[in-house]
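Side chains are part of it too, since the values below use all heavy atoms of this structure and drop only hydrogens, waters and symmetry mates.
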Amino acid sequence: MTMVSERWRLGVGLALVGLFKLWLAASLGVMADEAYHWVWGQHPAFGYFDQPPLIAWFLAGVEIGSAPIILRAGPILFALTGIVALVSQSSDRALAVVWCCGLPPLFWMTQLAVPDTLLIGGWAWALAGALAGGPGLLVAGVGAGLAGLAKPTAWGLLPLIGLALSATERRSAWFWSGVAANVALLVP
């Protein structure tokens, strides 16, 4: 199978999953975790008792009484665009990995306004930036920083990306600007 047809098949699959997720997000009532995070969004801060602040920042200003899709739209679109960016940078072999391993978390974990949705989106943006190289390394730093603002489990993502880069890439200004952006996002 050619890379174009594989990308086409993956793109159609992601589009169908995305449409299904939006339909599901519009159909489900607001879950307890979402209401909990929504309360945080009414009082934005740099951190909360059990999670970093990104989910609260996404939900700030959203009315809980509005349609559930309004509550969930930002996190869902962030995760979906991250996955699309990752797929656009993937090689033939990586496409197979994304198709087999990336679709299940995308399918099961990204229809709600919870930190995991934003973690997956930030993680995908970071990996897409790393695969792009050059200016993409700045995107990798920002994506890893946003993932770390979603869940502490992502705090080690940029060092892992750095280990996977060549020595030349690690010395580049783009990588160090990504490191600076990552630190700037995570310090508060």
Hey, could you give me the [atom1]/[atom2] distance between [X] and [Y], rounded to the nearest 0.5 Å?
X: Leu149; Y: Phe58; atom1: CG; atom2: CZ; result: 10.5 Å
X: Trp125; Y: Leu86; atom1: CH2; atom2: CG; result: 10.0 Å
X: Ile161; Y: Arg170; atom1: CD1; atom2: CZ; result: 12.5 Å
X: Lys21; Y: Thr117; atom1: NZ; atom2: OG1; result: 7.5 Å
X: Tyr36; Y: Tyr48; atom1: OH; atom2: OH; result: 10.5 Å
X: Ile83; Y: Phe78; atom1: CD1; atom2: CZ; result: 10.5 Å

>> Parallel, tilted or perpendicular: which one describes the rings of Trp57 and Phe46, with boundaries at 30° and 60°?
In response: perpendicular
> Which class fits the ring pair Phe20 and Trp23: parallel under 30°, tilted 30 to 60°, perpendicular over 60°?
Replying inline: tilted
Indicate yes or no for a side-chain donor-acceptor contact from [X] to the backbone of [Y] under 3.5 Å, with no hydrogens or angles considered.
X: Glu169; Y: Ser166; value: yes
X: Gln51; Y: Gly47; value: no
X: Trp155; Y: Gly148; value: yes
X: Glu34; Y: Ala113; value: yes

Indicate, with yes or no, if [Y] and [X] share a hydrophobic cluster defined by side-chain heavy-atom contacts under 4.5 Å among Ile, Leu, Val, Met, Phe, Trp and Tyr.
X: Ile76; Y: Val62; result: yes
X: Leu158; Y: Val187; result: yes
X: Ile120; Y: Leu160; result: no
X: Leu77; Y: Trp38; result: no
X: Leu163; Y: Trp174; result: no

Would you indicate whether the side-chain heavy atoms of [Y] and [X] approach each other to under 4.5 Å?
X: Asn182; Y: Val142; value: no
X: Leu54; Y: Pro115; value: no
X: Met31; Y: Arg72; value: yes
X: Leu28; Y: Leu112; value: yes
X: Leu118; Y: Leu146; value: no

If you take all heavy atoms of [X] and [Y], which pair is closest and at what distance?
X: Pro52; Y: Pro152; value: CD-CD, 3.6 Å
X: Pro159; Y: Gly156; value: CD-O, 3.2 Å
X: Leu138; Y: Ala181; value: CD1-CB, 4.1 Å
X: Leu119; Y: Ala154; value: CD1-CB, 3.6 Å
X: Ala130; Y: Ala140; value: N-CB, 3.7 Å
X: Ala25; Y: Ile69; value: CB-CD1, 3.7 Å

> What do the steps show when you test Leu137 against Ser172 for side chain to side chain contact (heavy atoms under 4.5 Å, CB included), and what is the final call?
Replying inline: CA-CA 9 Å; Leu137 296 174; Ser172 75; 3.8 Å; yes
> Between Trp40 and Leu59, does a side chain to side chain contact (heavy atoms under 4.5 Å, CB included) hold up when you go through it step by step?
Replying inline: CA-CA 8 Å; Trp40 293 356; Leu59 300 180; over 6 Å; no
